[in-house]
Amino acid sequence: MTTVLLQGAGAVGARAARQLVETPSIDHVLIADRSAERAEAVAGVMGDKAEPIAWARDGIPELPDGVDAIASAVPAGADIGVARAAMAARVPLASAGDDVLGIQGMLSFEAMARDAGVTLAAGCGLAPGLADVLARHAADSFDVVDEINVARYGAAGDASHSTVRRALRERPVEVRDGRRTEARRRGARELIWFPDPVGAHECEVVGTAVDLLLRAFPDAQRVAVRQAEPDRRPRIALPGRNDPEGSWGALRVETWGRRGPGREPLVYGAVERTAIATGTVLAVTVAALAGALPSLVRAEPGVRGLGQIAAPRAFLEELARRGVRAAVFEGVPVA
């Protein structure tokens, strides 16, 4: 019997729960949330596979016996306690956290995770997450990758909006000439075109996802991540699709590399409700770590981003089967 523990039943957690219970090889999904009522409500609509369990007051859950992997969909920084519990129990973890300080906190567990023989998959969301998989997929087309530019629009729920606003206030971080560089002040905004129907939005350089991309592509000379500030009530509507939360998001990943003597870009784009995309990436990752989808992610002890451990083609095919699709974006390169 394959059992997954899901920590957090908010906008992302609820979507991850749906994807997990619909994965045939997963038999049992335990759902915990700070709000017991919310955990019970989400579990109640997921059917017989799902069961609500109590939330640990100190943020470090006591894992029930038989848990094969943990999915963390908690607010920024709260996944640190979940990661400690995962290492103590020697159970793999996938976290959707995309907060800069939270990811750095996860990365600080590298030695502990290796010693415990546990995979901590960090940044399993939109960007970081899907963006890293797309960059890795593009990289497989090149002999050498020297530049990656990621742009993201959208947020999933109140906690995600808070994380985005905080990222836009913090000092931007880039990789320039192969070195991680923190700017003293914010730079100018840049108009970036996302896949339709999201279209053009002004974006600013942020530190989100840079550290995980640099770990996946240590030879890249430049890495930059840009973020648009999402409207809390976006007016974007896709034909034939109802969006009661108004939380559409988009992603653009531009990878520059060399094939022989030539240098050229490969640009991918994706558009989907942010919570759905993030929840699906999280669910597919944790299902792979639990052994339910073993060919999609390489279980490698330590703290890893999806750009390091995902099998990009198989991972993207699984996401597409679940409704989250990416495609080559025929637009103007960012750089």
Side-chain angles (χ1 to χ4, degrees), residues 2-7 16 20 23 25-26 63 67-73 79-98 102-140 142 145 148 150 175 180 209-220 223 253 255 278 280-319:
T2 302
T3 300
V4 171
L5 169 61
L6 173 64
Q7 291 282 120
L20 289 170
T23 302
S25 300
I26 291 179
L63 269 60
V67 171
D68 296 287
I70 306 171
S72 176
D79 54 356
I80 297 300
V82 184
R84 290 185 182 278
M87 290 185 290
R90 300 182 183 273
V91 172
L93 165 76
S95 172
D98 57 3
I103 289 176
Q104 289 177 343
M106 290 282 285
L107 291 173
S108 71
F109 291 149
E110 172 66 26
M112 294 173 61
R114 284 203 314 267
D115 290 344
V118 170
T119 302
L120 302 182
C124 301
L126 191 62
L130 178 55
D132 303 59
V133 180
L134 291 173
R136 174 55 63 193
H137 188 272
D140 289 347
F142 296 116
V145 170
I148 301 170
V150 173
V175 175
R180 185 184 188 276
V210 170
D211 291 311
L212 292 177
L213 284 168
L214 183 57
R215 285 169 65 93
F217 303 94
D219 296 328
V223 178
V253 180
T255 305
T278 302
T280 304
V281 171
L282 176 63
V284 168
T285 305
V286 77
L289 292 175
L293 300 170
S295 63
L296 304 189
V297 170
R298 183 175 67 256
E300 184 176 293
V303 182
R304 301 290 181 263
L306 288 179
Q308 295 174 279
I309 61 174
R313 182 176 295 276
F315 197 97
L316 293 170
E317 287 175 350
E318 182 64 23
L319 291 182

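Quantities reported herein were computed from a predicted structural model and do not represent experimental measurements.
The shortest non-hydrogen separation linking Val133 to Ala310 is CG2-CB, 4.1 Å. Across every non-hydrogen atom of Asp140 and Pro312, the tightest pair is OD2-CG, 3.5 Å. Considering every non-hydrogen atom in both Ala89 and Leu63, the closest pair reads CB-CD2, 3.8 Å. The two residues Ala86 and Ile70 come nearest to each other via the heavy atoms CB-CD1, 3.8 Å. Across all non-hydrogen atoms, the minimal contact from Gln104 to Asp211 is NE2-OD2, 3.5 Å. Among all heavy-atom pairs drawn from Val223 and Ala220, the shortest one is CG2-CB, 3.9 Å.
Partners of Ala311 by side-chain contact (heavy atoms from CB on, under 4.5 Å), not counting sequence neighbours, listed by chain and number: Ala314.
No donor-acceptor distance shorter than 3.5 angstrom exists from the side chain of Arg215 to the backbone of Gly307, with no hydrogens or angles considered. At least one donor-acceptor pair under 3.5 Å links the side chain of Gln308 to the backbone N or O of Gly305. Arg304 places no side-chain N or O within donor-acceptor distance of the main-chain N or O of Arg298, the cut-off being under 3.5 Å.
For the pair Ile148 and Phe217, the minimum side-chain heavy-atom distance is below 4.5 Å. Counting only heavy atoms from C-beta outward, the side chains of Ile80 and Arg84 approach each other to under 4.5 Å.
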Table please: side-chain donor-acceptor pairs of residues 284-297 below 3.5 Å, with sequence neighbours left out.
residue: Thr285; atom: OG1; partner: Val281; partner atom: O; Å: 2.8

Exercise answer: donor-acceptor pairs, residues 114-128 side-chain atoms, under 3.5 Å, sequence neighbours excluded:
residue: Arg114; atom: NH1; partner: Glu110; partner atom: OE2; Å: 2.8
residue: Thr119; atom: OG1; partner: Glu300; partner atom: N; Å: 2.9
residue: Thr119; atom: OG1; partner: Glu300; partner atom: O; Å: 3.0

| Residue pair Leu134, Leu316: steps toward the side chain to side chain contact (heavy atoms under 4.5 Å, CB included) verdict | CA-CA 8 Å; Leu134 291 173; Leu316 293 170; 3.8 Å; yes
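Side chains of Asp79 and Ser72: no donor on one and acceptor on the other come within 3.5 Å.
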